[in-house]
Protein chains: 2
Amino acid sequence: MASEKSENSRSDKQRVTIREVAAKAEVALSSVSRALSGHPDVSDEMRKRVKEIADELGYEPNLVAQSLRSGVTRTIGFVVRDINNPMFALLARSCENELRRNGYSMILVNSDGSIENENRNFSLLRRRRVDGIIASLVSEDSPYLIKNLDSPRSPIVLLDREVKGINASAVLADHAAGVHEAVTHLIKAGHREIAFITGSNNVYPTRNRLQGFTKAFEDAKLKLQPDLMAIGGFDAEYALSHARILLHRNPAPTAILAGGHGALMGVSRALKEKKITMGKEIAFIALDQLPYLEVFSDNISTVYRDTEAIGREAARLILEGIDGEKPRVSLIETQFIERASSQGGLQHA
Amino acid sequence: MASEKSENSRSDKQRVTIREVAAKAEVALSSVSRALSGHPDVSDEMRKRVKEIADELGYEPNLVAQSLRSGVTRTIGFVVRDINNPMFALLARSCENELRRNGYSMILVNSDGSIENENRNFSLLRRRRVDGIIASLVSEDSPYLIKNLDSPRSPIVLLDREVKGINASAVLADHAAGVHEAVTHLIKAGHREIAFITGSNNVYPTRNRLQGFTKAFEDAKLKLQPDLMAIGGFDAEYALSHARILLHRNPAPTAILAGGHGALMGVSRALKEKKITMGKEIAFIALDQLPYLEVFSDNISTVYRDTEAIGREAARLILEGIDGEKPRVSLIETQFIERASSQGGLQHA
DNA sequence: CTCTTCACTGGAAACGTTTGCAATACTGGA
DNA sequence: TCCAGTATTGCAAACGTTTCCAGTGAAGAG
């Protein structure tokens with residue numbers, strides 16, 4: 001493939017457009033467009049010829065121009081609190097894979113737990129004319145939300161969030177079932193002082209876990225102990241400080257449930273401080289099967305859900321939405337997985 | 001598949017464009033554009049009037065059109081092997097923050113360890129006309145690389161990668177220094193059988209760590225033991241199988257260095273299998289300060305680098321490049337941090 | 001009073017595609 | 001032979017901006 005005069009054209013800065021391909025092939029712009037985009041009304045000869053010349057010239061279609069003309073960007077916004085949370089990273093990963101398999105790219109934005117940030121991000125994504133947004137909202141009752149999400153131009157998929165009165169799909173995990181299972185297990189083992197640390201209840205997972213928690217107590221005809229419940233923050237600092245307080249309580253909790261990555265971090269640090277070992281002096285259950293747990297601390301009992309599947313499902317829901325189908329909610333099951341850490345805690349028995 | 005399509009309540013709502021704003025304000029399109037984009041040649045009255053009406057109509061500028069006209073997308077491609085690797089997640093996070101602060105969005109793509117994928121991703125990003133690409137390449141000697149990265153239209157920043165003959169900036173960690181420090185520490189403590197497990201040496205970190213490793217042996221006038229080195233894969237499976245082999249060796253290694261997230265996972269699993277405790281029967285050093293370590297296993301000695309700073313620096317380098325400055329390489333220091341896990345291993349002594 | 005300058009404003013041409021429509025050539029049936 | 005039908009192709013108008021250029025009226029200078 002020795003080319004005589006392609007050397008000069010390689011170094012010049014102008015991008016090659018469909019127009020140059022057309023000129024070199026001595027056909028119309030429209031024919032080039034049709035030939036390259038797989039339009040049916042094109043002769044085999046034309047298609048072959050155009051493709052050859054496009055390759056030769058190193059033509060790279062301009063997706064920006066395509067988007068402007070076609071009104072479709074093949075881009076999805078992915079909004080999370082913090083990609084650094086391994087749960088979100090796993091979601092992003094499986095979601096991006098599924099999207100890319102379908103020809104879509106993903107714009108990642110971290111809202112950093114700030115509602116104002118989140119709102120700015122939504123508005124930026126809309127200006128970018130993304131074809132859809134997948135989001136794990138900071139809160140379900142932000143004043144901007146309705147304005148932002150109601151009657152949206154492009155479909156929205158909420159990750160584990162429930163917002164009333166808007167037209168969005170959602171992937172919801174059935175936390176309640178798994179938590180119910182876990183707490184019932186603890187109660188049957190004799191636990192009565194069960195602590196519960198998780199994020200604030202302005203998001204679905206907290207409320208839903210709380211339901212499972214409460215129902216387990218009801219079913220066992222026990223009454224809840226609200227002072228054992230710290231429901232207010234997903235960050236490790238919140239969990240750490242509240243775990244410290246709870247561990248000083250009298251009687252001390254015999255079991256602890258930690259909801260989310262931050263809670264797991266905080267609680268495990270607090271336990272370490274007091275040299276309390278999970279599965280011995282206290283029973284511990286993580287309400288999320290975080291990715292690193294499998295390998296690193298393979299003795300931690302968890303409420304499991306298939307996070308990869310959730311990411312994939314979110315991608316599918318958004319693609320459905322783009323296809324014009326009605327929003328729908330997809331429920332993902334959870335399951336209590338008993339390991340060593342949920343033993344113990346009842347040394348007095 | 002008679003799927004029920006929703007009413008096109010989405011597409012019927014015409015977006016408001018600059019044209020409608022102009023009409024309602026009874027001024028020219030160009031004036032609206034100037035008023036909203038902060039162009040100096042606009043009277044205060046005009047600007048006020050246009051802004052009011054734009055707000056009133058809920059005008060949202062179309063970034064696609066802006067990009068097409070201006071030739072600038074304010075978008076950066078971020079290419080990593082797997083965002084699910086916490087190191088990459090942390091990088092992505094700090095990088096995205098810095099980019100967003102400067103008005104840029106980030107397109108995330110996972111290349112999944114496949115060179116073909118990576119290549120497709122590069123080409124996609126170029127078609128999207130991103131203003132720059134930040135990438136942690138799968139390999140430094142892929143046949144596509146030169147074609148893809150040579151004389152690029154838009155700047156490129158490599159994350160801990162060195163590719164000869166191309167015009168790219170890079171953020172490189174000075175792994176050699178930290179590893180040298182760590183290994184020297186082990187040697188001084190009496191270790192001679194030091195195992196080293198990490199990814200293949202077609203990427204800079206491996207080669208650079210190897211340099212530090214080798215030099216530490218040279219400085220101590222000891223000779224390397226190649227059969228204690230497993231250099232070939234960043235995934236946990238590779239590390240697991242090779243750690244198993246190494247632990248069966250006679251004499252067994254008294255210390256292990258694990259480079260990267262996968263190696264850490266694999267090695268710690270292998271140790272767990274054989275019920276060998278880090279810091280007791282064996283000395284262990286992780287060649288990366290992975291985010292979860294801080295909280296979860298706070299006794300693991302590591303070679304530390306400031307990953308957040310690396311992400312920020314990558315963002316800055318790409319912005320510099322967009323500003324027309326010449327590519328440059330930024331070196332980030334590393335440092336051995338001694339904790340409990342690097343104790344022990346010398347019970348026979 | 002005229003001319004220049006100044007501070008705006010409007011018109012229209014891009015940016016690189018897709019696509020509706022018209023034009024062409026060819027095919028085969030009447 | 002002629003005409004409808006079919007398969008291609010080309011032309012030109014969008015898509016929503018930015019920006020160059022020319023034009024306007026007013027103000028200041030001579």
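Naming: A, B, ... by sequence-line order, numbering from 1 per chain.
Sorted by residue number, the list of members of residues 52-63 of chain B with any non-hydrogen atom under 4.0 Å from DNA chain C is empty. Contacts between residues 33-45 of chain B and DNA chain C, counted as heavy-atom distances below 4.0 Å, involve B/R34, B/D41, B/V42, B/S43.
Using a 4.0 Å heavy-atom distance criterion, A/V27 is classed as a sugar-phosphate-only contact.
Taking side-chain N and O atoms only, A/Q66 has a distance below 4.0 Å to OP1 or OP2 of C/dT18. Phosphate proximity of C/dG10 to B/S31: present, with a side-chain N or O under 4.0 Å from OP1 or OP2.
For A/S43, the side chain to side chain contact (heavy atoms under 4.5 Å, CB included) partners two or more places apart in sequence, or in a different chain, are A/E45, A/M46. Every residue two or more places apart in sequence or in another chain that forms a ring-ring contact (aromatic ring centres under 6.0 Å, His included) with B/Y204 is listed here: B/H175. Checked against salt bridge (Lys or Arg N to Asp or Glu O under 4.0 Å), B/E325 has no partners two or more places apart in sequence or in another chain.
Note on the helix from C/dC1-D/dG30 to C/dA30-D/dT1: terminal axis deviation equals 60°, with five pairs used at each end and the result rounded to 10°.
Where A/S70 and B/A28 meet DNA chain C, the nucleotide closest to each residue was compared, and B/A28 sits on the side nearer the 5' end. Judged by closest nucleotide on DNA chain D, B/A65 is the one of B/S30 and B/A65 placed further toward the 5' end.
Evaluation of atom-type donor-acceptor distances gives no pair under 3.5 Å for the side chain of A/R69 against the base of C/dT17.
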